[in-house]
Amino acid sequence: MSSSSPSAAGFESLERETDGESLDVEGTIPEWLSGRLLRTGPAKFEGGDDTYNHWFDGLAMLHRFGLRDGDVSYRNRFLQSGAFEDATAEERIVRSEFGTDPCRSIFGRIMSFFSQKPVDNGNVNVAAYGDAYVSMTETPFPIAFDPDTLKTLGPVPATENPDADMSTAHPFVDRDAGRAINVTLAFGRTSSYGVVERDFASGDRRLLREIETDDPSYLHSFGVTDEYVVLAGFPLVFDTMALLFRSGTFADALEWKPELGTRFWAVRRSDGELAGQWRGPARFGFHHVNAFEVDGELQVDVAAYDDATIVDDLYLDRLRSADTTGPPAGHLERFHLPLDGSSVDVSRCSDTRIELPRIDDRRATRDYRYVWGGGQRNPDNFIDQIVRIDIDSGDAETWHQPGCYPGEPVFVERPDAAGEADGVLLTVVLDAERDSSFLAVLDAESLDEVGRARVPHHIPFQFHGNFYPEETS
Ligand code: CO
C-alpha cells in the first residue's frame with residue numbers, strides 16, 4: 001500500500017455544497033476588491049463504485065468567492081451537467097471523459113464520445129459570453145450558470161461550432177467588443193481546425209478559417225495578437241483511426257510524434273486569411289500566455305514542455321501517491337514567428353518553472369513584462385508556490401508556505417492602476433496540514449500576502465477561473 005502525497009487532498013472528492021457562508025478573514029482584504037471570483041474544477045472522482053482515472057475527468061464543481069467591503073463569502077455547487085446527472089442517477093460513470101471510458105465495447109467509443117452523450121463536464125474554465133456565464137470543458141457544449149447562486153441554467157445553444165468534436169476551454173473573450181474567438185477541431189479522414197468568432201449581442205457565429213490537417217494536435221489553448229489568431233500544433237496528435245474505430249480512452253488515442261515539430265498557423269482576424277505557417281522545434285504546452293507583434297514577427301509565449309509526458313503525469317493514482325515526484329511545471333518559452341516566413345526561433349524567458357499562467361489582462365495581445373503562475377519550490381511536490389516571472393530579466397518572485405498548495409493566481413487590477421501588475425492576485429490554496437483551503441490575496445508586485453479567508457473544508461484543486469468586478473451602477 002503506497003502512502004499518499006502531502007497534497008493528495010487536492011484530488012479527493014468534495015461532496016459538501018455550501019450556501020454563501022461568510023468566511024473568517026485574517027489580515028486585510030482590500031475594500032476596493034469588490035466582485036466575484038468564479039472558478040471551476042473537478043470535485044468528484046467517483047460515480048457509484050466506478051472511479052475516474054485522470055485529473056481532467058472529475059465531475060465539475062463551481063466555486064464562488066464573493067468579495068465586498070473587506071468581507072468574503074463562499075458558495076459551491078456541482079455543475080448539473082449531463083455527465084453529473086447521468087452518474088448521479090445511475091450511480092456509475094456513464095459518459096466518457098479524457099482518461100475514462102465507461103463504454104468498453106468495440107464500437108461504442110465514437111458514439112459515446114461524440115454523438116449520443118455529449119461530453120459536457122465543464123470542469124476546465126468559466127467565461128462570460130455577454131451576459132451569460134458559462135462553464136466549459138474541451139467540447140463545444142458549454143453550460144450556463146447563475147454567477148451568484150451557481151444554479152445550473154443549462155446548455156448554451158451553438159455557442160461554439162456545434163459540428164466540431166472539440167473546442168478549447170480557453171476562448172479569447174473581448175468583452176468591450178462583445179465577441180469571443182475560439183478554436184475547434186473536427187475529426188475525420190482529414191481533420192480540421194476551425195477558428196470561430198461569436199458576437200454576443202446577435203449570437204452570430206462566423207467561421208473565420210478552416211485548416212485541414214492529417215495530424216490533428218491536442219490543442220488546449222491558442223494565441224491572439226491584435227491582428228492574428230495563432231494556432232500552435234504541438235506534436236501530441238490524435239490517431240484518428242484509433243479514435244474512430246478502436247476502444248480505449250480518448251487519452252489512449254494521443255501519440256507523441258516529435259518528428260512533426262510544432263506547426264504554427266497565423267489567421268488574420270479581420271478576414272480569415274492564412275497569413276503564415278511555420279514549423280518549429282517539437283514542444284508541448286497546454287497554455288498560451290500571451291502573443292503580440294513586434295518588429296515584423298509574432299511573439300508567442302507558452303508554458304512549454306520538452307515532451308508530453310505531463311499528460312500521463314496527471315493520472316490520479318500518480319498525483320495521489322507519495323511514490324511519484326510532482327509533475328514538473330513548464331518553462332515560459334517565446335516562439336518567434338517572422339511574418340516574412342523565415343524560420344522559427346524559440347527562446348526561454350526564465351529558468352523558473354511555471355504552469356497555470358496568468359497575466360494582467362489589460363496587456364493581452366500587447367508587449368508585456370510579468371507572468372504569474374504556479375510553480376514548484378520542491379520538485380517532489382505538486383504546485384507549491386506562486387511565482388511572478390519578470391520577462392525582461394528572467395528573475396522571479398515567489399510566495400510559498402509550508403504544507404500549502406496554491407492554484408492558478410488570478411490578477412485583479414487596482415482601481416486607477418498605475419501600470420502593469422498594479423493590483424492583487426487571488427489564489428485558492430490547499431492547507432494540507434489543516435485539511436482545508438483558503439483564498440489568499442497577494443500583492444501582485446511583491447507577492448506579499450495581504451489577507452486570507454479560510455474555508456472550513458478542503459477544495460479540490462481547480463483548473464481555471466476569473467474575477468468579475470461588481471458592476472457599479
Ligand atoms: Co487550461
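The figures here come from the full heavy-atom set of this structure, side chains too, leaving out hydrogens, waters and symmetry mates. Heads up: numbering here begins at 1 and tracks the sequence. We count ligands from 1, going down the list as the structure has it; atoms in each ligand are counted the same way.
In terms of distance to the Co ion (ligand 1), the nearest N, O or S atom of His170 is named NE2. Of all N/O/S atoms in His220, NE2 sits nearest the Co ion (ligand 1). No other N/O/S atom of His464 lies as close to the Co ion (ligand 1) as NE2 does.
Using bins of under 30°, 30° to 60° and over 60° for the plane-to-plane angle, the ring pair Phe461/Tyr405 lands in the perpendicular bin.
A centroid separation of less than 6.0 Å is found between the aromatic rings of Phe11 and Phe382.
Put simply, CG on Asp165 and CZ on Phe238 are 9.5 Å apart, with the number rounded to the nearest 0.5 Å.
Tested against Glu197, the residues Ile181, Asp174, Leu207 include a single side chain to side chain contact (heavy atoms under 4.5 Å, CB included) partner, Ile181.
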